[in-house]
Protein chains: 2
Amino acid sequence: MTYGNIFLALGDPTRRSVLEALRHQPMTVGMLAKQMPVSRPAVSQHLKILKEAELVTVTPKGASNEYALNRKGLDEIRAWLDSMWDDSLEAFKAHVDQKPENNN
Amino acid sequence: MTYGNIFLALGDPTRRSVLEALRHQPMTVGMLAKQMPVSRPAVSQHLKILKEAELVTVTPKGASNEYALNRKGLDEIRAWLDSMWDDSLEAFKAHVDQKPENNN
DNA sequence: TTTATTGGTAAGTCATGACTTACGGTAATA
DNA sequence: TATTACCGTAAGTCATGACTTACCAATAAA
């Protein structure tokens, strides 16, 4: 279950703040830490988790590392949501289609 | 931030199992607990969190309570995902549209 | 090469939360 | 009414995880 990490990553408010900051433009760790209420190591640890969940990407820029949004992780969440509704509609359809005969 | 509770709720694998079980049909607490590796009180506590996140609804059925999927919570997640992409596209558009003049 | 900037990691603390058993309260049944 | 099923909550335990400071590696500048 690959989206397990993703939901876990999105469960933390600080990590969501990081993602929401990265919506507007890619940022380095220092830039992110400066506008957040936690320390730089904390941000670094969060970024590690976000990276493993494929919610962000890293590209080294000299001495600093630039982080950007990664579409992949968010797409998986969307797929999970879609699957929830597919199955739900299936169940509804089965409910509508049910007939007294042929229920083996 | 209303989706805070929702992401928190979805972060737990047991709660996701509950939701995925409810995709197919509404179920009582006992039915859910029977097909899960945790105790009934644990399921009950999870359902409380899912209910507060508007991911499930409850309807009393005599002595038992029937839980069903609630579209509302999942829709909010979808809206959050959409907002991420809207802003991301905005940023991309701003990047493409940028010209040497008029950058005040 | 020395010095400063950037950032990842280690180690430790502390809060939170995911379980358990025990209990009480309500609705169906005998 | 007495009994049985169903379920929510209280209390307590234990693991996890979100922080901190301290340290180390790598790049950029003096």
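Every chain is numbered from 1 and lettered A, B, ... according to where its sequence line falls, protein lines coming before strand lines.
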Between CG of Asn65(B) and OG1 of Thr28(B), what distance do you get to the nearest 0.5 Å? 9.0 Å
Enter the distance from Leu69(A):CG to Met84(B):CE here, rounded to the nearest 0.5 Å. 4.5 Å
Walking along DNA chain D from 5' to 3', note the first and the last nucleotide with an atom under 4.0 Å from a heavy atom of chain A, and give both. dA18(D) to dA28(D)
Output a table of donor-acceptor pairs, distance under 3.5 Å, between side-chain atoms of residues 71-80 of chain B and any protein atom two or more places apart or on a different chain; print 'none' if there are none.
{"from": "Arg71(B)", "atom 1": "NE", "to": "Asp75(B)", "atom 2": "OD1", "distance (Å)": "3.4"}
{"from": "Arg71(B)", "atom 1": "NE", "to": "Asp75(B)", "atom 2": "OD2", "distance (Å)": "3.2"}
{"from": "Lys72(B)", "atom 1": "NZ", "to": "Glu54(B)", "atom 2": "OE2", "distance (Å)": "3.3"}
{"from": "Glu76(B)", "atom 1": "OE1", "to": "Thr2(B)", "atom 2": "OG1", "distance (Å)": "3.0"}
{"from": "Arg78(B)", "atom 1": "NH1", "to": "Asp82(A)", "atom 2": "OD1", "distance (Å)": "3.2"}
{"from": "Arg78(B)", "atom 1": "NH2", "to": "Asp82(A)", "atom 2": "OD1", "distance (Å)": "3.1"}
{"from": "Trp80(B)", "atom 1": "NE1", "to": "Glu20(A)", "atom 2": "OE2", "distance (Å)": "3.1"}

Side chain to side chain contact (heavy atoms under 4.5 Å, CB included) between Lys51(A) and Thr57(A), intermediate numbers included: CA-CA 6 Å; Lys51(A) 186 176 58 174; Thr57(A) 58; over 6 Å; no
Residues from residues 50-67 of chain A sitting under 4.0 Å of DNA chain D, heavy atoms only? Gly62(A), Ala63(A)
Return the residues of residues 34-43 of chain B meeting this criterion: a heavy atom under 4.0 Å from some atom of DNA chain D. Order them by number, or give none. Arg40(B), Pro41(B)
When you group the ILVMFWY residues by side-chain heavy-atom contacts below 4.5 Å and let the links chain together, are Val58(B) and Val56(B) in the same group? yes
Mind checking whether Leu81(A) and Tyr3(B) sit in one hydrophobic cluster, side chains of I, L, V, M, F, W, Y counted as touching below 4.5 Å? yes
Take Ile49(A) and Leu55(A) through the side chain to side chain contact (heavy atoms under 4.5 Å, CB included) test and state the conclusion after the steps. CA-CA 9 Å; Ile49(A) 293 174; Leu55(A) 287 165; over 6 Å; no
Can you give each donor-acceptor pair under 3.5 Å made by side-chain atoms of residues 31-47 of chain A, sequence neighbours left out, with the distance rounded to 0.1 Å?
{"from": "Ser39(A)", "atom 1": "OG", "to": "Ala42(A)", "atom 2": "N", "distance (Å)": "3.4"}
{"from": "His46(A)", "atom 1": "ND1", "to": "Arg15(A)", "atom 2": "NH1", "distance (Å)": "3.1"}

Under the ring-ring contact (aromatic ring centres under 6.0 Å, His included) test, which residues partner Tyr67(B), sequence neighbours left out? none
Report the C-alpha separation of Leu50(A) and Leu22(A) in whole Å, then their side-chain angles, then the decisive distance to 0.1 Å, and conclude whether the side chain to side chain contact (heavy atoms under 4.5 Å, CB included) test is met. CA-CA 12 Å; Leu50(A) 290 171; Leu22(A) 292 179; 5.9 Å; no
